[in-house]
*Asks:* 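Encoded as structure tokens, here's the structure I'll be asking about.
What you are looking at is a predicted structure, and each value in this text was computed from that prediction instead of being measured.
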Amino acid sequence: MFRTRLLSGILLVVIAVAVLMKGGALLATVLFLVSIIAYRELSKACKIGKEGEITCPPELAGCVMTLVYYGALGLAAAYGLVTAFSVMFFVIVAAFLVFLFVYVFTFPKYHANQIMSAMFSFLYGPVMLSFLYLLREGLDDGVYLVWFVFLASWGSDTCAYCVGVLFGKHKMTPKLSPKKSVEGAVGGIVGAALLFVLYTHFVINSYTDMVMSLPFAAALGAVGALISMVGDLAASAVKRDHEIKDYGKLIPGHGGIMDRFDSVIVAAPIVFAGIFIGLLLSTKV
């Protein structure tokens, strides 16, 4: 199991590096496919459709709106972030209306909680993941900035694991994740802050036109790590609520997309927001 998990993890990192370095249409396409899988994993976990059903109208509506969302975002991003944000807002509202349309014209087959779960899954998976695209394509030097997301998620997770194994004594959320400790969480936050500082000093301030202050980088890393842990635990809470072990079996040794990208999904908008707000407030962040 460990060997399978390690090999699939290495392959996943190689693919991520190749796609993010290339960016553009390839990144948009890959994120769309990953978002579709994440959406379907969430919709199955939340039992939007009936048991054994391949798909259902609410789930199909979410898949169609994910396609519309990424298509519109890919076109809008070329005209700047203001246009991209406007398009995001209107497509999200349109998706809400589509779900209401499905609810009304299939009534009473689907209950309100199923429609709300469909909208929740759309926001949780496709929309949150799209901030990776905005960070990579919407900001200057995005090819360098996008790696902050993975330092905040996978980097902090590795630091938390190492510290937790060595020093963990106090359980953080015993009902959600019995193996996670308070000491590990602190190690993850401090570790992410340190990773952000090192990456900023040796990469961002050396190879880009940006000048990011190290205290700002440390603070962003700490906040990003904290939020990524919440994302990890939130994904676990959904699984506990619906009594499932994994979201899927797509990634050997890891589970589904939601099992592996749960922290990335919530770290992406936080890292994007931190960098974007920093750039708005000053030419130096």
Side-chain angles (χ1 to χ4, degrees), residues 6 9-10 12-24 27 31 77 80-81 128-168 181-232 260-285:
L6 178 63
I10 292 173
L12 191 63
V13 170
V14 170
I15 294 172
V17 169
V19 172
L20 288 168
M21 290 298 290
K22 180 66 176 177
L27 176 59
L31 282 177
L81 283 176
M128 298 283 274
L129 269 173
S130 69
F131 280 90
L132 274 175
Y133 182 80
L134 285 178
L135 186 56
R136 171 61 177 85
E137 298 297 318
L139 297 178
D140 292 337
D141 300 313
V143 67
Y144 295 100
L145 296 173
V146 72
W147 302 107
F148 278 127
V149 174
F150 296 92
L151 291 178
S153 52
W154 294 350
S156 69
D157 186 57
T158 301
C159 293
Y161 174 79
C162 293
V163 173
V165 168
L166 293 173
F167 306 106
S181 65
V182 174
E183 293 81 2
V186 173
I189 293 171
V190 173
L194 180 59
L195 289 173
F196 269 54
V197 167
L198 292 173
Y199 186 73
T200 298
H201 178 71
F202 289 106
V203 179
I204 299 299
N205 291 347
S206 298
Y207 296 98
T208 75
D209 294 328
M210 290 184 64
V211 180
M212 183 180 291
S213 72
L214 299 186
F216 177 86
L220 183 58
V223 172
L226 178 61
I227 298 300
S228 73
M229 290 178 192
V230 173
D232 185 3
R260 182 64 277 179
F261 287 86
D262 48 8
S263 57
V264 173
I265 285 173
V266 294
I270 295 302
V271 170
F272 174 85
I275 294 173
F276 182 67
I277 291 171
L279 290 171
L280 285 179
L281 294 177
S282 174
T283 55
K284 291 186 177 183
V285 291

*Asks:* Which residues pass the side-chain hydrogen bond (donor to acceptor under 3.5 Å, both in side chains) test with T200, sequence neighbours left out?
*Replies:* none
*Asks:* Find the distance between CG (L214) and CG (L194) and round it off to the nearest 0.5 Å.
*Replies:* 11.0 Å
*Asks:* Tell me whether D141 contacts the main-chain N or O of I204 through its side chain, where contact means a donor paired with an acceptor under 3.5 Å.
*Replies:* no
*Asks:* Under a 4.5 Å cut-off applied to non-hydrogen side-chain atoms, are F196 and H201 in contact?
*Replies:*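 Not touching, per the 4.5 Å side-chain cut-off.
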*Asks:* Let me confirm one number: the CE-CG distance from M210 to L279, rounded to the nearest 0.5 Å.
*Replies:* 4.5 Å
*Asks:* Keeping Y161 on the side-chain end and G184 on the backbone end, is there a donor-acceptor pair under 3.5 Å?
*Replies:*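 No; zero donor-acceptor contacts below 3.5 Å.
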*Asks:* Under the side-chain hydrogen bond (donor to acceptor under 3.5 Å, both in side chains) test, which residues partner E137, sequence neighbours left out?
*Replies:* none
*Asks:* Roughly how far, to the nearest 0.5 Å, is the CG atom of D232 from the OG atom of S156?
*Replies:* 9.0 Å
*Asks:* Locate the shortest heavy-atom distance separating S228 from A152; write the atom from each residue and the value.
*Replies:* OG-O, 3.0 Å
*Asks:* Is the closest side-chain heavy-atom distance between L135 and F148 below 4.5 Å?
*Replies:*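 With C-beta onward as the side chain, the pair stays apart.
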*Asks:* Would you indicate whether the side-chain heavy atoms of D209 and D140 approach each other to under 4.5 Å?
*Replies:* no
*Asks:* Any side-chain heavy-atom pair from L20 and V143 closer than 4.5 angstrom?
*Replies:*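 No, every pair of side-chain atoms sits at 4.5 Å or beyond.
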*Asks:* Minimum heavy-atom separation for Y133 and G24, please, with both atom names.
*Replies:* CE1-O, 3.6 Å
*Asks:* So does M21 get a backbone contact from the side chain of R136, meaning a donor-acceptor N/O pair under 3.5 Å?
*Replies:*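 Checked: pair present.
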*Asks:* If you define the side chain from C-beta out and look only at heavy atoms, does anything of F261 sit under 4.5 Å from L12?
*Replies:* yes
*Asks:* What distance do M229 atom CE and S263 atom OG have between them, rounded to the nearest 0.5 Å?
*Replies:* 9.5 Å
*Asks:* Can you tell if the side chain of V149 reaches within under 4.5 Å of the side chain of L132, non-hydrogen atoms only?
*Replies:* yes
*Asks:* At what distance, to the nearest 0.5 angstrom, does CD1 of I227 lie from CD1 of I265?
*Replies:*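 I227 atom CD1 to I265 atom CD1 measures 14.5 Å (nearest 0.5 Å).
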*Asks:* To the nearest 0.5 Å, how far apart are CD1 in I10 and CD1 in I15?
*Replies:* 12.0 Å
*Asks:* Ignoring hydrogens and angles, tell me if any N or O in the side chain of T208 forms a donor-acceptor pair with the backbone of Y144 under 3.5 Å.
*Replies:* no
*Asks:* Can you classify the ring geometry of F150 versus W147 as parallel (below 30°), tilted (30 to 60°) or perpendicular (above 60°)?
*Replies:* tilted
